[in-house]
S.K.: 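The structure that follows is given in the form of structure tokens.
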Amino acid sequence: MVEGGRTRKELGDAVTRAESLARASAQPWDIVVIGGGATGAGVAVDAATRGYSVLLLEQHDFGKGTSSRSTKLVHGGVRYLERGDVRLVTEALRERSRLLANAPHLVRVQPFIVPAYRWWDAPYFFAGLSLYDLLAGRSPFGRSKYLNRREVLRQLPTIRAEGLRGGILYYDGQFDDARLLIDLIQTAVKNGATCLNYARIVRLLHDGDRVTGVAFTDAETGTTAEVSARVVVNATGAFCDSIRTLADPAARPMVTPSQGAHLVFDRSFLPGNAAMVVPKTPDGRVLFAIPWHGRTLVGTTDVPVPTTELEPRATEAEIDFILETAGRYLAKTPTRADVLSVFAGIRPLVKADGGTNTAALSRDHTIRTEAGLLTVTGGKWTTYRNMAEDAVNRAAELAGLPPKPCRTANLRITGPIASGSVVPLHPQLPYTEADIVRAVRHEMARTVEDVLSRRLRALILDADAAVEMAPRVAALMAAELGRDAAWEAEQVRAFTALARGYQLRRESA
């Protein structure tokens, strides 16, 4: 809540980044959240709607890391049934339905088909998916059913027909991860939270051996401020260990980073509405080919990586693996020349004793407290709300805050305001000049990357087209932010350099 007990939505205005920066150091907070990804935004929404005062700080832009680089699925995790993790699947299925109800502007029901090429595949897959349906209970998602060969080919006309016997149809959810993240930030702000991007934590404040606040540096002004909090929540995902060592230099790492890569192709590789599922790849994962925003998204891999990077890059081996695996199931084998964009993300998997197979590690979340710092990590996008509820419950207890019930189970997540102008930015993408203005005025976008990667999904959908859009986007942003020509030029240069990591060297070149 804000002035006079009214929400931002009732006041009808947008909170600027300058206002957020001024407020950040103006008061002590009940809860300071470090990290502006799915978990951090979820914690901010949950805590703010309970009536706690909340400050969220993000070192880069909201969703810069893992939360904008997922496989775009809202799902229960059917493959976890093979491991007997019924509790995790049941929880995720419940949260799947809540996400569909709370964010219908971004989440939709998606049909998936598991093709069967051996006679025993269909009954085996159907048994597992029937259990999946049973655990889902009464839900708005459809029930699984067997498809004969003709029906599979009708719904997946580009699938390899040789040896195909049939398949199983089931339903899960699909969403736009970065857009949901931005809308969660807006929801938190409208309920009274203060959220600030480009605010890097430089140290934790202590009273004896207990964390009592944070010091952060504003990337735009270079100034450092200290803020106190009754409890600090570390929701930095794959980066959580670096924050934990600020609280306790002797803290042992709790996260094993795993990288997942995705390739994006044009719609011709999957022209229908159904997605295709390869149930088991050589590295133990499920490979998906999914229609998404008029493109075909294929992924993912599961590769342990030694370090956590803010801008991870898909390896040549991952790219070759996805191309080769997809080529086994598609009538037209995709090549590097067909790739419109390639992106990778780091998963914060909680460490297990022994073994190096990250595909076998749990996707459940973990909460740990050390020196008064509460760390929440692990989990996945589908269960972000439940993770946040658990974290706020524990944070309130740790801080001695008055207990208040969670209000997010049925909380509608705010959608973006309508854009006015319909002046297109590129013939290959559906974005307009008004989208850029909205991103700056209402969504705290500060760079061309913020806009073309996360407020809009241009970089993910077509890296070449995004580079071509960059000069016009920089010009529109400069006008809104009061920047000069030198800023425009630097923004275009920086974005073009970043985009090279999303573009593959064309084989035909």
S.K.: What's the shortest heavy-atom distance between Gly63 and Leu181, and which atoms?
M.R.: N-CD1, 3.6 Å
S.K.: Is the shortest side-chain N to carboxylate O distance from Arg79 to Asp85 below 4.0 Å?
M.R.: no
S.K.: Per the side-chain hydrogen bond (donor to acceptor under 3.5 Å, both in side chains) rule, which among Asp390, Thr383, Asn386 passes with His365?
M.R.: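 Of all the options given, the one that passes is Asp390.
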S.K.: Would you say the side chain of Trp381 lies within less than 4.5 Å of the side chain of Val74, judging by non-hydrogen atoms?
M.R.: no
S.K.: Quick one: CD1 on Ile243 to CD1 on Ile34, what's the gap to the nearest 0.5 Å?
M.R.: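 Result: 4.5 Å between the selected atoms.
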S.K.: Side chains of Thr223 and Asp218: any donor to acceptor distance under 3.5 Å?
M.R.: no
S.K.: Quick one, Leu100 and Phe141 - any side-chain contact, counting heavy atoms below 4.5 Å?
M.R.: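 A side-chain contact exists here, since the closest heavy-atom pair is under 4.5 Å.
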S.K.: Looking at every heavy atom in both Met477 and Arg446, which two are closest together, and how far apart are they?
M.R.: CE-C, 3.6 Å
S.K.: Check whether the side chains of Thr71 and His262 place a donor and an acceptor atom closer than 3.5 Å, and report yes or no.
M.R.: yes
S.K.: Does any N or O in the side chain of Asn191 come within less than 3.5 Å of the main-chain N or O of Ala188, such that one atom is a donor and the other an acceptor?
M.R.: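 No, Asn191 side chain to Ala188 backbone: no donor-acceptor pair under 3.5 Å.
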S.K.: Listed by chain and number, what are the side chain to side chain donor-acceptor pair (under 3.5 Å) partners of Ser20, not counting sequence neighbours?
M.R.: none
S.K.: Indicate whether the side chain of Gln110 and that of Arg108 have a donor and an acceptor atom separated by less than 3.5 Å.
M.R.: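 Arg108 and Gln110 do have a side-chain donor-acceptor pair below 3.5 Å.
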S.K.: Under 4.5 Å between any side-chain heavy atoms of Arg454 and Arg179, yes or no?
M.R.: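 Heavy-atom side-chain distance check fails, nothing below 4.5 Å.
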S.K.: Examine distances only and state if a side-chain atom of Tyr384 and a backbone atom of Ala41 form a donor-acceptor pair shorter than 3.5 Å.
M.R.: no
S.K.: In terms of side-chain heavy atoms, does Glu318 have a donor or acceptor partner in Gln259 at a distance below 3.5 Å?
M.R.: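 The criterion, which ignores hydrogens and geometry beyond distance, is satisfied for Gln259 and Glu318.
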S.K.: Please check if any side-chain donor atom of Arg23 sits under 3.5 Å from a side-chain acceptor atom of Thr194, or the reverse.
M.R.: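 Short answer, no.
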S.K.: Looking at Ala391 and Val43, what are the two nearest heavy atoms and their distance?
M.R.: CB-CG2, 4.1 Å
S.K.: Would you say the side-chain atoms of Arg347 and Thr300 include a donor-acceptor pair closer than 3.5 Å?
M.R.: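 Yes.
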S.K.: I'd like to know if the side chain of Gln491 reaches the main chain of Val448, judged simply by a donor and an acceptor atom lying under 3.5 Å from each other, with no hydrogens or angles considered.
M.R.: yes
S.K.: Is the shortest distance from a Lys or Arg side-chain nitrogen in Arg244 or Asp241 to a carboxylate oxygen in the other one below 4.0 Å?
M.R.: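 Yes, charged N to carboxylate O under 4.0 Å.
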S.K.: Check whether the side chains of Thr307 and Glu309 place a donor and an acceptor atom closer than 3.5 Å, and report yes or no.
M.R.: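 Distance-only check passes for Thr307 and Glu309.
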S.K.: Tell me every residue that passes side chain to side chain donor-acceptor pair (under 3.5 Å) with Thr377, counting only those two or more places apart in sequence or in another chain.
M.R.: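 With sequence neighbours excluded, Thr377 shows a side chain to side chain donor-acceptor pair (under 3.5 Å) to no residue whatsoever.
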S.K.: What heavy-atom pair brings Asn197 and Arg17 nearest, and what distance separates the two atoms?
M.R.: O-NH2, 2.8 Å
S.K.: Start with the C-alpha gap between Thr414 and Thr187, add the side-chain angles, then the distance that decides, and say whether side chain to side chain donor-acceptor pair (under 3.5 Å) holds.
M.R.: CA-CA 6 Å; Thr414 186; Thr187 303; 5.1 Å; no
S.K.: I'd like to know if Arg483 pairs up with Glu488 as an ion pair, taking the criterion as any Lys NZ or Arg NE/NH1/NH2 lying under 4.0 Å from an Asp or Glu carboxylate oxygen.
M.R.: no
S.K.: Give the minimum heavy-atom separation between Ala395 and Val233, together with the two atoms involved.
M.R.: CB-CG2, 4.1 Å
S.K.: Determine, for Arg69 against Glu311, whether the closest basic-nitrogen to carboxylate-oxygen distance falls under 4.0 angstrom.
M.R.: yes
S.K.: If we check side chain to side chain contact (heavy atoms under 4.5 Å, CB included) with His105, which of these qualifies: Asp183, Leu180, Asp176?
M.R.: Asp183
S.K.: Between Ser341 (side chain only) and Leu459 (backbone N and O only), is there a donor and an acceptor less than 3.5 Å apart?
M.R.: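 It does hold such a pair.
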S.K.: Which atom names give the shortest non-hydrogen contact between Thr301 and Ala261, and what distance separates them?
M.R.: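 For Thr301 and Ala261, the tightest heavy-atom pair comes out as OG1-N, 2.9 Å.
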S.K.: Using the side chain to side chain donor-acceptor pair (under 3.5 Å) rule, collect all pairs that involve residues 42-56, keeping only residues at least two apart or in two chains.
M.R.: Asp30-Ser53, Asp46-Arg50, Arg50-Asn393
S.K.: Less than 4.0 Å between a side-chain N and a carboxylate O, is that true for Glu95 and Arg98?
M.R.: yes
S.K.: Can a side-chain donor-acceptor contact be found between Asp450 and Tyr198 if the only test is distance below 3.5 angstrom?
M.R.: yes
S.K.: Indicate yes or no for a side-chain donor-acceptor contact from His206 to the backbone of Gly208 under 3.5 Å, with no hydrogens or angles considered.
M.R.: no
